[in-house]
Amino acid sequence: MVFGFEVLHKDVAGRIGRLRIGSKTVRTPALLPVINPHLQIVTPNEMHEMGVEALITNAYIFYRSERFYEAALERGLHAVLDFPGVIMTDSGSFQLSVYGDVEVGNRDTLEFQQRIGSEIIVPLDLPTPPSADRERAEAELEVTLARIDEACGLVGENSVLAAPVQGGIFEDLRERAGREVSERGCVITPIGAVVPLMENYRYRDLVRVVLAAKRGLSPGACVHLFGAGHPAMLALAVAMGCDLFDSAAYALYAKEGRYLTVHGTLFLGELTELPCSCAICRSHTPDTLRRSPESERLLALHNLHVTLGELARIRQAIMDGTLWELVDERCRSHPRLLEGYRELLRASPSLELFDRSTKRRFFYRGDESCQRTEVVRYHRDLARFDMAGRVLISFFGQPEPGFDRCLAFRPPFGPYPPALAETFPIGQCEIPSWDETMVRSGCRGIAALVEANPDAEFTVRCEPRWAELVACEAPGVQVISHED
Ligand code: GUN
Ligand code: ZN
């Protein structure tokens, strides 16, 4: 079977990719809605018409189902679910780990998943919860890796293996797990056991765990974030380099009358308006939606629309190079998401290596913007400028006689030669009136330039209100200050 994952466009560590499985393709980042064959409130076929190219279902449910076991074996999943796209099956490890009673082995589930025609199969991994100590996380990782090894020998030619990355909360174990699955040649690599982190809003830990796994994984791995799919966190997850998501949230939340938005979840019962542009929201009021005999199904459809719409917006942001702006916007809806975002920004020095070199724009959105990859990269690149003699850095942007080189200054980046005035990021950055944080960040650029050119003599010309900051952040430069 033809199988491959290609990265087509990048932004931050996020990517637009093409996953090819046989004759089918899935454009990533993608949501694989979770289908429970017993409770199809939105049918797979309807989802396909909404643009869903792949879905995930649980092999364990088919295995135990009186109604679907034989049918799946005889007719195959695609016919039983009436879905022409890619079907991934989960082994049910996660359910087994939560509800106990393991009654199916690794070999059994892998063989069964292939017999029912699943295209992406998952071994019986052990999802180590965040509360597990190191000893347990290590022992369970060994079991998961052994089961992946066994699975590698059992995959036939009509399926591909998804190899889960476990390791609990321990970053070195996650990194090792990532490296081990990539070394085995596994391309689809779900990061597992993160549901408890998301349920408890532990986004900082989520970011640490995902970035650790990514450090071990090959950059060519197609990374699935198991059990993630709330629209408010997708931009953050994509920016870390996750490509696939699966979520039952659209249906589970609908059951409880919960209305998904990109800013968080609302109760339908508490709404006086439906703040969404999907056809269902535009043709109902909260009241008529609540009272409809189809209420749960309509709410599930809305929830799915919002989630798919957000992924489309994320893919567009990647094309435009505006993913940081979108992440910034989304992560301000909840303080714990903001913590996750800040953790991601702390990783900018390593994310910078994956980021693209030019973008449509850089919109300054507050202090956090000073830590973006573009700023880190600019400061790193400044060290490569070769300067000699007397160098002027003018906050007013005016060249002056008596200097060998005259540079202008643009926060949060720093000094730049006039020749780079139109190039990214200097030419495309939009900033509000200067504040202390951004000027401080720009001064770090001056310091980098000074440090790289110890023989040059630097003069900074600025307004009096910046003089002290410049002297403090860029020691060794002569500061001349006056009003404009
Ligand atoms: N679904 C959500 N988390 C997990 C996980 O860690 N492993 C598997 N197999 N399925 C999951
Ligand atoms: Zn809607």
Side-chain angles (χ1 to χ4, degrees), residues 32 34 36 42 50 56-61 88-99 102 104 106 109-110 113 118 120-130 132 137 140-141 143-144 147-148 151 161-169 174 177 181 188-199 206 209-210 213 223-231 242 244-250 252-254 258-263 265-266 268 271 273-286 288-289 292 295 297-310:
L32 283 63
V34 176
N36 180 335
V42 180
M50 292 166 76
I56 184 166
T57 188
N58 201 311
Y60 189 63
I61 295 179
M88 175 172 180
T89 42
D90 196 352
S91 55
S93 299
F94 199 63
Q95 287 68 23
L96 292 172
S97 76
V98 175
Y99 307 114
V102 183
V104 55
N106 189 42
T109 178
L110 290 161
Q113 290 176 56
S118 171
I120 305 176
I121 62 175
V122 177
L124 204 63
D125 56 322
L126 291 184
T128 305
E140 291 186 349
L141 176 56
V143 174
T144 294
R147 291 184 180 171
I148 292 169
L161 180 70
V165 174
Q166 299 289 350
I169 205 73
R174 290 282 187 173
V181 300
I188 301 184
T189 57
I191 298 177
V194 291
V195 169
L197 295 178
M198 296 185 293
E199 282 175 349
L206 178 73
V209 157
V210 171
V223 181
H224 180 150
L225 195 59
F226 251 146
H230 193 294
C242 298
L244 300 177
F245 302 91
D246 73 277
S247 179
Y250 72 97
L252 298 177
Y253 284 39
R258 303 214 286 173
Y259 180 91
L260 291 182
T261 81
V262 293
H263 306 292
T265 312
L266 306 169
L268 189 54
L271 290 175
E273 294 287 339
L274 295 176
C276 164
S277 51
C278 86
I280 292 153
C281 295
R282 297 293 31 94
S283 57
H284 286 83
T285 65
T288 61
L289 187 51
S292 162
S295 182
R297 176 183 142 72
L298 294 175
L299 193 48
L301 275 168
H302 154 83
N303 286 345
L304 209 48
H305 271 297
V306 172
T307 314
L308 296 172
E310 177 66 358

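Owing to the predicted nature of the structure, the values given are computational and were not obtained by experimental measurement. Ligands are counted one by one from 1 in listed order, and the atoms in each one are counted from 1 as well.
The protein non-hydrogen atom at the shortest distance from atom 10 (N) of ligand 1 is D90 OD2, 2.6 Å. When hydrogens are left out, the protein atom nearest atom 7 (N) of ligand 1 is D125 OD2, 2.7 Å; that is the closest non-hydrogen contact.
Less than 4.0 angstrom separates some heavy atom of A193 from each of these atoms of ligand 1: 3 (N), 5 (C), 6 (O). Each of the atoms 9 (N) of ligand 1 lies under 4.0 Å from some heavy atom of V122. Listed by number with element, the atoms of ligand 1 under 4.0 Å from a non-hydrogen atom of S93 are 9 (N).
The side-chain heavy atoms of I120 and I56, taken from C-beta on, include no pair separated by under 4.5 Å.
For the pair P164 and ligand 1, no heavy-atom separation below 4.0 Å is found.
Distance alone, capped at 3.5 Å, places no donor-acceptor pair between the R297 side chain and the A254 backbone. At distances below 3.5 Å, not a single donor-acceptor pair connects side-chain atoms of T89 with backbone N or O atoms of A59.
The tally of protein N/O/S atoms under 2.8 Å from the Zn ion (ligand 2) stands at 4.
Scored by the ring pair (Phe, Tyr, Trp, His ring centres under 6.0 Å) test, F226 finds H224 as partners (sequence neighbours excluded). Scanning for side-chain hydrogen bond (donor to acceptor under 3.5 Å, both in side chains) contacts around T57 gives an empty result, with sequence neighbours left out. Partners of T265 by side-chain contact (heavy atoms from CB on, under 4.5 Å), not counting sequence neighbours, listed by chain and number: H230, Y253, R258, L260.
Shortest non-hydrogen contact noted between V195 and G227 is CG2-CA, 3.9 Å. For the residue pair Y259 and L274, the shortest heavy atom distance occurs at OH-C, 3.6 Å.
For D246, no heavy-atom contact with ligand 1 is shorter than 4.0 Å.
Residues E140 and T144 have side chains that never bring a donor and an acceptor to within less than 3.5 angstrom of each other.
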